[in-house]
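Please read the structure below before turning to the comments.
Whatever order the structure lists them in is the order used to number ligands and atoms, beginning at 1. The first residue of the sequence shown is numbered 1, and numbering continues consecutively from there.
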Amino acid sequence: MNKPLAHPHLSEPVARFLGGKHQAFIDGKWVDAVSGKTFETYDPGSGRVIANVAECDAADIDKAVAAARAAFESGPWPRMTGSERARMMWRLAELIEKHAAELAELEGLNNGKPVANVGNVDLMLSCETLRYTAGWATKITGETIALSTAPTMHAFTLREPIGVVGQIIPWNSPIMMACWKIAPVLATGCTTVLKPAEQTPLTALRLAQLLQEAGVPDGVVNVVPGFGPTAGAAIAAHPGIDKVAFTGSGEVGRLIIQAAAGNLKKVSLELGGKSPVIVFPDADIDVAVPGAARAIFTNSGQVCAAGSRLYAHTRVFDKIIAGVAAEAKKIRIGHPLTEGTQMGPLVSKEQLERVSGYISQGESDGALVVTGGDRIGKEGYFIEPTILTDTNPEMSVVREEIFGPVLCAIRFDDSDLDEIAKEANRTMYGLAGSVWTRDLSIAHKMVRKIRAGTVGVNIHSSIDPALPFGGFKQSGWGREKGRDVLDLYTETKSVVMAL
Ligand code: NAI
Ligand code: MG
């Protein structure tokens with residue numbers, strides 16, 4: 001491991017941002033929390049506090065919802081054309097690119113991702129999602145309908161923005177999650193109250209400054225940092241919110257559904273996964289090995305679609321495991337701001353304890369640690385990329401989402417695709433999966449058998465703004481991105497005219 005940066009050298013823009021106040025962004029204004037409270041946010045690479053942030057709760061959510069409602073119903077926003085909204089989204093993407101170095105550094109510092117990865121993946125996908133979704137802003141249309149029972153009447157549908165949205169996002173890709181959530185709001189003409197995760201509030205606040213610079217009217221996007229059980233719960237329960245979009249744990253997903261029942265607000269959920277990576281004996285090993293390693297070790301395994309269960313045919317199992325273990329050892333782990341770092345720390349002490357706890361539990365249940373397993377250093381929340389074998393399907397390491405760089409490798413010697421798929425599908429989740437083979441017939445058959453929202457062939461979970469993303473089973477409700485996301489942010493109005 002590279003020497004951790006105890007005192008990261010910050011660029012001037014990041015130092016300036018950190019030196020400022022970190023208030024909530026409500027109705028286009030920067031305001032303290034009503035309670036006056038703040039909370040500390042950390043650099044997970046050193047464990048040090050880097051900023052104090054306004055701690056919003058129900059009173060602030062009330063203010064933000066009132067601002068979002070007013071912006072939805074009056075002022076410039078409802079009068080704007082799709083073209084004007086799209087132009088604003090492109091401007092925002094350009095501003096993100098203009099400030100990419102600063103945003104990447106800030107994200108690395110607050111979340112722990114290596115700065116280069118933020119730029120190449122998170123910021124790129126943030127901008128491309130804004131641009132792709134902007135294209136839909138001018139194409140939100142209904143249909144002309146031929147009525148079955150009254151053919152002489154004129155009938156058509158309109159698609160109208162769903163209204164005020166509440167959006168609760170996690171910490172694993174903070175600015176990208178914010179952009180993925182804001183894009184359909186802006187494209188459809190909704191307004192939003194967005195709560196970043198308490199671990200990583202900073203880039204969402206910087207993004208709010210850029211939204212303002214891009215010309216997004218006051219009240220359209222409100223950013224309210226705060227904790228889940230207070231600010232988050234107030235969003236989920238708020239009677240003035242028409243729809244809530246959540247990304248995070250299944251546990252909180254359930255709470256959101258319960259809270260949403262009050263005013264029957266619409267709910268979309270992007271929850272976790274325990275996605276299988278299935279390597280057949282004919283797979284190209286040189287492709288499958290780095291692919292399987294990337295599937296689990298990217299972003300220190302803190303990825304909802306991570307390929308955390310590796311099923312490899314017994315003929316190639318040892319080769320694959322040795323290959324993935326070698327890849328794990330090659331990864332340069334270090335402070336996210338150190339040049340050349342490929343893997344940073346986990347996001348928080350809590351997450352380090354959770355992931356370490358899973359590994360110990362796996363070991364005491366009889367799993368074998370092939371590589372990794374330990375915390376690295378005493379400063380920051382670093383953990384080694386880890387591979388476990390000799391697991392069984394009942395173990396928590398196999399059943400539950402670990403959300404860390406921990407891979408369970410499982411051997412199969414079956415050639416019956418139904419049996420292989422049955423094992424792969426033996427999970428409450430259904431977010432993603434991948435199949436590694438050169439046999440077209442196996443590939444197509446397996447794609448159909450895997451019960452998951454995204455299936456890769458010789459690639460694990462490629463993310464693209466044009467591709468719908470979401471889960472089967474307990475991995476969620478609804479699809480974000482692509483054209484599908486418009487369904488979550490619009491209502492259909494049927495119009496009949498007796499001529
Ligand atoms: P979490 O689900 O508690 O947090 C995600 C977001 O929900 C945060 O903004 C949080 O403030 C908010 N939240 C928490 N409690 C809430 C409540 N009662 N009402 C409304 N909002 C609430 O996730 P956490 O605790 O950070 O991580 C726990 C596990 O969840 C991880 O180990 C991982 O397995 C999973 N997870 C999955 C993610 C995904 O992308 N699908 C992202 C983050 C976590
Ligand atoms: Mg939680």
| query | Leu271 heavy atoms, cut-off 4.0 Å: which ligand 1 atoms fall inside? | reply | 41 (N)
| task | For ligand 1, find out whether one of its N or O atoms is nearer than 3.5 Å to an N or O atom of Leu255. | result | no
| task | Answer yes if the side chains of Lys243 and Ser268 hold a donor-acceptor pair under 3.5 Å, and no otherwise. | result | yes
| remark: For Asn172, the atoms of ligand 1 under 4.0 Å from one of its heavy atoms are 40 (O), 42 (C)
| task | Would you mind listing which atoms of ligand 1 come within a distance below 4.0 Å of any non-hydrogen atom of Glu198? | result | 8 (C), 10 (C), 11 (O)
| request: Step by step, work out the side-chain contact (heavy atoms from CB on, under 4.5 Å) result for Leu310 and Ile278. | output: CA-CA 6 Å; Leu310 170 64; Ile278 311 167; over 6 Å; no
| said: Does any part of the side chain of Val277, heavy atoms only, come nearer than 4.5 Å to the side chain of Tyr311, both counted from C-beta? | reply: no
| request: Report, in ascending order of atom number, the atoms of ligand 1 lying under 4.0 Å from any heavy atom of Glu270. | output: 41 (N)
| task | If the plane angle is over 60° it's perpendicular, under 30° parallel, otherwise tilted; pick one for Trp171 and Phe403. | result | perpendicular
| Where's the contact between Ile235 and ligand 1, heavy-atom distance under 4.0 Å: side chain, backbone, both or neither? | neither
| Just how far is it from atom CD1 of Ile175 to atom CG of Leu202, taken to the nearest 0.5 Å? | 11.0 Å
| query | Less than 3.5 Å between some nitrogen or oxygen of Met177 and one of ligand 1, yes or no? | reply | no
| So, His238 and Asp62: side-chain donor and acceptor under 3.5 Å apart, yes or no? | yes
| At what distance is the nearest protein heavy atom to atom 24 (P) of ligand 1, and which residue and atom is it? | Trp171 NE1, 3.8 Å
| Hey, does the Lys NZ or Arg CZ of Lys481 hover above the aromatic six-ring of Tyr132, less than 6.0 Å from the centre and inside 45° of the axis? | no
| query | Nearest to atom 7 (O) of ligand 1, what protein heavy atom do you find, and at what distance? | reply | Phe246 CE1, 3.1 Å
| query | Is the number of heavy atoms from other residues, nucleotides or ligands within 6.0 Å of NZ (Lys422) greater than 12? | reply | no
| message | Would you compute the distance between atom CD1 of Ile383 and atom CD of Glu353 and round it to the nearest 0.5 angstrom? | response | 11.0 Å
| query | Which heavy atom of the protein is the closest neighbour of atom 17 (C) of ligand 1, given with residue, atom name and distance? | reply | Gly228 O, 3.4 Å
| Between Phe25 and Trp30, is the ring centre distance below 6.0 Å? | yes
| query | Within 4.0 Å of atom 26 (O) of ligand 1 (strictly less), any protein heavy atom? | reply | yes
| query | Heavy atoms only: which of Val244, Ile256, Ile168, Thr247 is nearest to atom 5 (C) of ligand 1? | reply | Thr247
| Hey, does Gly272 sit under 4.0 Å from ligand 1 if you only count heavy atoms? | yes
| message | Checking side-chain polar atoms at under 3.5 Å, does Thr203 have a donor or acceptor matched by the opposite partner on Asn110? | response | no
| query | In terms of atom number and element, which parts of ligand 1 are under 4.0 angstrom from non-hydrogen atoms of Ala197? | reply | 9 (O)
| Taking only heavy atoms of Gly232, which atoms of ligand 1 are found under 4.0 Å from at least one of them? | 19 (N), 20 (C), 21 (N)
| message | Is it true that Lys113 and Asn111 share a donor-acceptor pair across their side chains at a distance under 3.5 Å? | response | no
| Quick check: does Ile169 get an N/O under 3.5 Å from an N/O on ligand 1? | yes
| task | Could you tell me whether some N/O pair between Arg354 and ligand 1 is separated by less than 3.5 angstrom? | result | yes
| request: Just need the protein heavy atom nearest to atom 44 (C) of ligand 1, so name the residue and atom and give the distance. | output: Phe403 CE2, 3.9 Å
| Which option, Glu401, Gln302, Lys195, Gln351, owns the non-hydrogen atom nearest atom 32 (O) of ligand 1? | Gln351
| request: Considering the heavy atoms of Cys304, write down every atom of ligand 1 situated less than 4.0 Å from one of them. | output: 39 (C), 40 (O), 41 (N)
| Donor + acceptor pair across side chains of Thr38, Glu55 (<3.5 Å) | no
| What's the shortest distance from atom 30 (O) of ligand 1 to any protein heavy atom, and which residue and atom give it? | Ser249 CB, 3.0 Å
| field | Derivation and outcome, side-chain contact (heavy atoms from CB on, under 4.5 Å), residues Val369 and Leu388 | value | CA-CA 5 Å; Val369 178; Leu388 304 175; 3.6 Å; yes
| note | For Pro170, the atoms of ligand 1 under 4.0 Å from one of its heavy atoms are 42 (C), 43 (C)
| field | Heavy atom of the protein closest to atom 3 (O) of ligand 1 (residue, atom name, distance) | value | Val252 CG2, 3.4 Å
